[in-house]
Enquirer: 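Here you go, one structure.
Note on naming: letters A, B, ... go to the chains in the order of the sequence lines (proteins, then strands), and numbering restarts at 1 for each one.
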Amino acid sequence: MTDDQPAPPADLPTHVDLAQDFADSGVAEVLADLDRELVGLAPVKARIRETAALLLVDRARRRLGLATETPTLHMSFTGNPGTGKTTVALKMAALLHRLGYVRKGHLVTVTRDDLVGQYIGHTAPKTKEVLKKAMGGVLFIDEAYYLYRAENERDYGQEAIEILLQVMENNRDDLVVILAGYADRMDRFFASNPGFRSRIAHHIEFPDYSDGELLHISEGMLSRQNYTLDDAARAAMAQYIAARRGQPHFANARSIRNALDRARLRQANRLFGEAKGPLDAAALSTLTEPDIRASRVFAGGLDVDRASRQAAAE
Amino acid sequence: MKMTQGQFSFLPDLSDDDIRVQAQYAIDKGWAVSVEHTDDPHPRNTYWEMWGHPMFDNPDAAAVVFEVNECRKLYGGQYIRVIAFDASPGWESIRMAMIVNRPAVEPGFRLVRQEGEGRSVRYTIESYAMREPEGARYP
Ligand SMILES: Nc1ncnc2c1ncn2[C@@H]1O[C@H](COP(=O)(O)OP(=O)(O)OP(=O)(O)O)[C@@H](O)[C@H]1O
Ligand SMILES: [Mg+2]
């Protein structure tokens, strides 16, 4: 790095204008996008603002010759499925790019299978390929704890971990790594892999969405596709959310997205079945109560359904 | 004797950052960048050993510098070069080539005179290093 540089050159600025830096960097737009596109997530948004401020100040300090090292930017995102981790990672990549901490700003999303090989000698090239692809941007490792299998010390995941740790340390200027997964399993992963813990500077937790937030999210998803819920459908959706939460495989906003996809399917079917004459735009874009109510969630959920079908078959 | 081949070889050796900037130029042009090494410095030795595959899908040239450094770990005592191949029709050829690593000592080339029929003489050059077998040419 630049530690061994002689005295700072005389042309270093003596002042910085943080407000001007902020405006020039384009960070404000990314933060505004984040606020607009993502419902709720107040603690996450606050942490991202703090991180942006920290990086802006760090950049200013380096410009004045007060700091030389690239700060550690590797992060962990913990939270349940469908809480927006991948979506926020995209925004984070854009933010780091605007601030000049990564040169390209792309996001490469991988899981264990992309990094770990099937036989001896397969893992290192695989991991390195992924790392090279992510250089200049952000590497997002979903469910990172699958890299580590405590019960098998010869697991090839260990090799991937070692290469990752090395590159996270030696190539800090070249890429930022975000590890994501469920909070409890990530905690255990960090406990058994202190190397990762010490290389990660920012831990961001993603809370589950409240019922109200999920309803708000569903309306946002629909309006982006030019659909709306009528009043009865909105009430049904609110009940749907409350019921769905208690059933297995609940995945926050992703469950909502899937539910809405199915509701649109039912609406299309209904329109086909009912329509006698020409349909206007309102009819084509309104989801009604039956489109929501027909869901199996109201009958106790997928599993109940499957169980009763099994019982009938026996 | 400092061997000069390809681009920039009359300049001081390229730093990693210099390599990155040049390789980024090639990537931005859509050329495939690869790393190669050899311990046979003869100018007519065009086919060097490939270090891994050519890189097609790495948007950032830090990936190239990464591979150069990986190659240095094993072949730091040899010549290493970075080349950029342009696959577009009509070119299908190398657009850039630069030496990014060289042996600590380069003994240079000797001139060989071979006496032919009559008073004719054929001239050729041979690297002093080539008197040693492969792998033992640069200490
Ligand atoms: N706050 C939000 N506002 C609007 N849409 C959201 C919000 N959070 C998530 N979504 C949407 O929900 C879906 C799932 O989000 P995302 O993939 O980011 O979750 P995740 O935490 O990465 O899930 P997983 O851990 O299962 O990969 C996406 O379609 C995303 O657009
Ligand atoms: Mg995800």
Enquirer: Quick one: which residues of residues 33-71 of chain B reach chain A at under 4.5 angstrom, heavy atoms only?
Expert: B:M55, B:D57, B:N58, B:P59, B:D60, B:A62, B:A63, B:F66, B:E67, B:E70

Enquirer: Name, in order of residue number, those residues of residues 4-25 of chain B that have a heavy atom at a distance of less than 4.5 Å from a heavy atom in chain A; otherwise write 'none'.
Expert: B:R20, B:Q24

Enquirer: If we define contacts as heavy-atom pairs under 4.5 Å, which of A:K128, A:R103, A:K104 has the most with chain B?
Expert: A:R103

Enquirer: Hey, which residues of residues 80-98 of chain B are touching chain A, say heavy atoms under 4.5 Å apart?
Expert: none

Enquirer: Would you please go through residues 90-101 of chain A and name the residues with a non-hydrogen atom below 4.5 Å from one of chain B, in numerical order?
Expert: none

Enquirer: Is atom NZ of B:K2 surrounded by more than 12 heavy atoms (other residues, nucleotides or ligands) closer than 6.0 Å?
Expert: yes

Enquirer: Chain B heavy atoms under 4.5 Å from A:V167: which part of the residue, side chain, backbone, both or neither?
Expert: side chain

